[in-house]
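Structure first, commentary second.
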Amino acid sequence: MRLLIVEDDPDIAELLQDGLSEEGYECDVASSAAQARELARLFPYSALILDVMLPEGNDAGYELGTTLRHSGLLTPILYLTARAGVDDRVAGLDAGGDDYLTKPFAFRELRARLRALFRRASGNGHNLLELPFGGVLDLAGREFRLRGQRTDLTRREFALLELLALNTDRAFSREELIDRLWRGQETVEPKVIDVYVSTIRRKTDERLIETLRGTGYRLGRAE
């Protein structure tokens, strides 16, 4: 599940990115509204976390939300800002926000609010990925089901399968998978990826992850 964090304070951005990455989310950071618009255009995010005060102005986050909604973006938006007045919260919701959380904040509340956003999106048919061979990834519930039966995956097993499922048109090398899943937090040997892939295949379906010799791994394709 990929999140876009729009925050111009580098310390807060790093805190959010590190904390949410530990929860298994893949996080990108934009430090301006202009950068956020470009990233939102390029990548299919599961949610956006927007500050209000950005380099473009004190209300730039509201303007960004409005612009994204007018462009047809349906992705859940959570405003995370020091602007705590009632008028501010109303402005955020009117600008396309689905939720509003003020700084300082408790990290567990942020995680809970994100889960609630994903549940609502899942109820509307979003965040459910159909995979080949009868597999379904529930990005909101962080569950995998194979032909209707729930299969227990660890956090990183789920993240690996999710990454392949969101990028069906490409293969990932072992090094790329390590970079995306661990983000430099620890040293990981390439062979660890082989172990994860083998375990996922054993738990699900041998055909679900395809090996491309000399290239890496990609989501399997039903013929």
Side-chain angles (χ1 to χ4, degrees), residues 1-122 124-127 139-140 159 162-163 166-167 169-170 179-180 183-185:
M1 188 171 285
R2 190 170 189 172
L3 307 178
L4 175 60
I5 300 166
V6 186
E7 172 62 65
D8 65 338
D9 184 316
D11 292 332
I12 296 177
E14 183 178 8
L15 171 70
L16 289 168
Q17 186 173 32
D18 289 347
L20 291 170
S21 294
E22 289 179 1
E23 292 294 311
Y25 297 110
E26 185 178 357
C27 301
D28 294 334
V29 175
S31 59
S32 68
Q35 186 181 12
R37 282 194 300 272
E38 181 64 14
L39 288 172
R41 184 182 67 83
L42 293 174
F43 300 107
Y45 291 103
S46 298
L48 277 60
I49 301 175
L50 305 187
D51 193 7
V52 173
M53 295 180 285
L54 296 169
E56 288 88 347
N58 287 340
D59 292 334
Y62 296 147
E63 295 165 2
L64 173 61
T66 299
T67 299
L68 293 175
R69 289 298 187 225
H70 285 168
S71 72
L73 184 80
L74 300 176
T75 302
I77 293 175
L78 169 66
Y79 279 103
L80 181 61
T81 174
R83 301 269 290 272
V86 173
D87 289 343
D88 296 311
R89 295 197 295 272
V90 170
L93 297 174
D94 285 344
D98 297 282
D99 201 354
Y100 197 102
L101 181 61
T102 58
K103 302 173 185 175
F105 63 94
F107 214 90
R108 63 177 183 171
E109 182 179 3
L110 172 61
R111 293 195 297 265
R113 287 176 181 266
L114 284 172
R115 290 195 298 270
L117 288 178
F118 297 145
R119 284 196 300 271
R120 292 199 291 272
S122 179
N124 291 327
H126 299 144
N127 290 319
L139 302 186
E162 177 188 17
L163 179 60
L166 290 172
N167 297 273
D169 59 339
R170 62 164 295 190
D179 182 61
R180 298 288 285 270
R183 291 186 170 272
Q185 295 172 358

| message | If we check side-chain contact (heavy atoms from CB on, under 4.5 Å) with R113, which of these qualifies: L101, I49, D98, L80? | response | L101
| request: Have a look at L50 and tell me which of L78, I77, T81 forms a side-chain contact (heavy atoms from CB on, under 4.5 Å) with it. | output: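 Testing L50 for a side-chain contact (heavy atoms from CB on, under 4.5 Å) against L78, I77, T81 leaves exactly one candidate, I77.
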| task | Could you please spell out the steps behind the side-chain contact (heavy atoms from CB on, under 4.5 Å) verdict for D88 and Y79? | result | CA-CA 10 Å; D88 296 311; Y79 279 103; over 6 Å; no
| So V6 and L54, side-chain contact (heavy atoms from CB on, under 4.5 Å) or not? Walk me through it. | CA-CA 8 Å; V6 186; L54 296 169; 3.8 Å; yes
| field | Identified side chain to side chain donor-acceptor pair (under 3.5 Å) partner of R83 from the options T102, D59, D51 | value |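 Among T102, D59, D51, the one meeting side chain to side chain donor-acceptor pair (under 3.5 Å) with R83 is D59.
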| request: Work out which heavy atom in Q35 is nearest to a heavy atom in S32; give both atom names and the distance. | output: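 Looking at all heavy atoms of both residues, the shortest contact is N-OG, 3.1 Å.
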Just how far is it from atom [atom1] of [X] to atom [atom2] of [Y], taken to the nearest 0.5 Å?
X   : Y   : atom1 : atom2 : result
L42 : R37 : CG    : CZ    : 13.0 Å
Q17 : I12 : CD    : CD1   : 14.0 Å
L73 : T67 : CG    : OG1   : 11.0 Å
L15 : L20 : CG    : CG    : 8.5 Å

| Criterion side-chain contact (heavy atoms from CB on, under 4.5 Å) on L16 and Y25, from CA distance to verdict | CA-CA 11 Å; L16 289 168; Y25 297 110; over 6 Å; no
| query | Run the side chain to side chain donor-acceptor pair (under 3.5 Å) check on Y45 and D28 step by step: do they pass? | reply | CA-CA 9 Å; Y45 291 103; D28 294 334; 2.7 Å; yes
